Amino acid sequence: VEIANQCAKREGRRIGLYREGMDERHLRQLAIVGELRNAIEGDQFSLHYQPKVDLRTRRVRHVEALLRWTHPQLGRIGPDEFIPLAERAGLIGALTHWVIDHAFAELAAWRTAGFDHGVAINLSAIDLADPNLASTVLDRLQHHRVTAGDIILEVTESAVLADMERAVQTLKRLRSEGFRVSVDDFGTGQSSLAQLKRLPADELKIDKSFVLQLAPGTDDERIVQSIVQLGHALGIKVVAEGLENEIGLEVLLRLGCDVAQGYHFSRPLPCEALLDWLRRRQEQMEDHAA
Ligand code: C2E
Ligand code: MG
Ligand code: MG
Ligand code: MG
């Protein structure tokens with residue numbers, strides 16, 4: 001905490017935001033913003049990957065890239081904490097660039113190693129409002145010689161809200177190049193349905209708050225059922241995130257949900273651990289088939 005406070009005061013003074021007597025939370029936020037800049041240049045970020053499992057075939061079609069930050073003094077800082085701060089500090093563009101570059105590079109390496117899964121990347125509100133996003137993504141695609149059809153772009157509803165016109169334009173452009181678009185955290189935004197009407201979407205991801213404790217006879221079950229029906233009526237694939245147990249899985253199978261992701265299958269894993277997990281799973285599936 002002492003180190004954090006020192007970082008915060010230094011950064012706060014530099015950008016003229018520090019005031020004597022600021023509370024712990026604000027000091028920590030200042031520290032994080034200050035450290036984010038160095039972290040992008042330094043070697044403090046990594047990507048973990050979480051499998052998205054096709055419930056019909058049980059195959060892993062994609063893995064979601066989730067950003068991890070370990071600061072030398074502050075320790076691990078979660079994306080739920082630093083992503084909103086990076087957005088406010090104007091640093092999200094640099095972070096997104098880092099994520100795209102690393103995820104595409106790893107996708108290329110998976111192909112070389114004989115794996116066939118694709119990757120899902122999270123985009124922020126600010127990214128979608130950036131007129132250069134599409135060309136940056138296409139540039140990195142060519143650079144790493146990966147295929148747009150193997151990549152899903154996950155956008156949150158609030159993200160799209162920021163500048164709807166620009167966001168729709170960007171997503172249409174990328175979609176015409178073969179990328180797929182996923183509406184993340186569905187059911188938590190302010191106007192889910194209005195946005196679904198305007199957004200070019202291929203996938204709808206049910207927010208984990210409806211899935212974590214999914215069980216027969218609950219309101220969660222009725223909500224998930226309605227979202228699955230809605231998605232399918234629109235010709236969109238439905239994904240459940242935050243699947244933690246077998247009971248929830250049985251409900252999802254019965255309701256016809258297409259894909260699931262969650263601790264029940266695997267936590268987000270560092271790249272090497274993910275590949276081990278996939279190899280073990282492949283062996284198990286072959287044993288079952290035999
Ligand atoms: P998200 O995109 O909705 O990602 C799903 C979150 O749910 C991840 O949290 C994941 O670890 C967590 N999760 C998955 N399965 C389970 C489960 O069974 N139980 C529970 N309790 N949690 C589960 P994480 O990694 O902390 O990321 C949080 C959010 O931060 C993400 O939510 C996304 O909005 C944002 N984020 C993460 N990486 C990036 C990134 O590279 N760029 C941007 N713009 N945002 C990111
Ligand atoms: Mg996501
Ligand atoms: Mg989500
Ligand atoms: Mg989320």
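These values consider heavy atoms only, across backbone and side chains, with no hydrogens, waters or symmetry-generated copies. Both counts, for ligands and for their atoms, begin at 1 and track the order of listing. Computed from a predicted model, the values in this text were never measured in an experiment.
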Where at least one partner belongs to residues 266-281, residue pairs that pass side-chain hydrogen bond (donor to acceptor under 3.5 Å, both in side chains), sequence neighbours excluded
Asp276-Arg279
Note: heavy atom closest to atom 26 (O) of ligand 1, options Ala240, Pro79, Pro84, belongs to Pro79
Enumerate the atoms of ligand 1 whose separation from the nearest heavy atom of Pro268 is less than 4.0 angstrom.
11 (O)
Any N/O/S of Asp185 under 2.8 Å from the Mg ion (ligand 3)?
yes
Relative to the heavy atoms of Gly262, which atoms of ligand 1 are at a distance of less than 4.0 Å?
15 (N), 18 (O)
For the Mg ion (ligand 2): the N/O/S atom of Asp184 at shortest distance
OD2
Geometry at the Mg ion (ligand 2) - Asn122 OD1 versus Glu64 OE2 angle, rounded to 10 degrees:
90°
Which bit of Glu241 is near ligand 1, meaning a heavy atom under 4.0 Å away: side chain, backbone, both or neither?
side chain
Of the backbone atoms (N, CA, C, O) and the side-chain heavy atoms from C-beta on, which set of Arg267 has a member under 4.0 Å from an atom of ligand 1: side chain, backbone, both, or neither?
neither
Pick one: which of Arg175, Lys52, Arg61 meets salt bridge (Lys or Arg N to Asp or Glu O under 4.0 Å) with Glu203?
Lys52
Contact check, Arg68 vs ligand 1, heavy-atom distance below 4.0 Å
yes
Between Gln50, His48, Gln261, which one has a non-hydrogen atom sitting closest to atom 15 (N) of ligand 1?
Gln50
Classify the ring geometry between Trp110 and Tyr49 as parallel (under 30°), tilted (30 to 60°) or perpendicular (over 60°).
perpendicular
Note: ligand 1 atoms sitting under 4.0 Å from heavy atoms of Leu243 are 18 (O)
Of all the N, O or S atoms in Glu154, which one sits nearest to the Mg ion (ligand 2)?
OE1
Parallel, tilted or perpendicular, judged at 30° and 60°: which one describes the rings of Phe115 and His117?
perpendicular
Tightest non-hydrogen contact, residues Leu193 and Phe186, listed as CD2-CZ, 4.4 Å
Regarding ligand 1, does Glu64 bring an N or O atom to under 3.5 Å of one of the ligand's N or O atoms?
yes
Any chance the side chains of Gln44 and Thr70 put a donor and an acceptor closer than 3.5 Å?
no
Please verify whether a non-hydrogen atom of Gly78 lies at under 4.0 Å from ligand 1.
no
Under-4.0 Å salt bridge between Glu154 and Arg180:
no
Do Gln261 and Lys205 pair up side chain to side chain, a donor and an acceptor below 3.5 Å, judged on atom types alone?
yes
Closest non-hydrogen contact found for Thr170 with Asp130 is OG1-O, 4.4 Å
For atom 10 (C) of ligand 1, which candidate among Leu212, Ile83, Leu47, Leu66 provides the closest heavy atom?
Leu66
Please state whether the rings of Phe104 and Phe179 are parallel, tilted or perpendicular, taking 30° and 60° as the class boundaries.
parallel
Is it the case that more than 12 heavy atoms not belonging to Glu286 sit under 6.0 Å from its CD atom?
yes
If you count the atoms of ligand 1 from 1 in the order shown, which ones are under 4.0 Å from a heavy atom of Val99?
41 (O)
For Asn245, check side-chain hydrogen bond (donor to acceptor under 3.5 Å, both in side chains) against everything at least two apart and list the hits.
none
Record the part of Asp185 in heavy-atom contact with ligand 1 below 4.0 Å; permitted values are side chain, backbone, both and neither.
side chain
Can you tell which part of Leu67 has a heavy atom less than 4.0 Å from ligand 1: side chain, backbone, both or neither?
both
Relative to the heavy atoms of Asp80, which atoms of ligand 1 are at a distance of less than 4.0 Å?
28 (C), 29 (C), 30 (O)
Indicate yes or no: does an N/O atom of Tyr263 lie under 3.5 Å from an N/O atom of ligand 1?
yes
Would one find an N, O or S atom of Glu241, in either backbone or side chain, under 2.8 Å from the Mg ion (ligand 2)?
no
Using a heavy-atom cut-off of under 4.0 Å, does the side chain or the backbone of Asp184 touch ligand 1, or both, or neither?
side chain
Going by atom types alone, do His143 and Asp101 pair a side-chain donor with an acceptor below 3.5 Å?
no
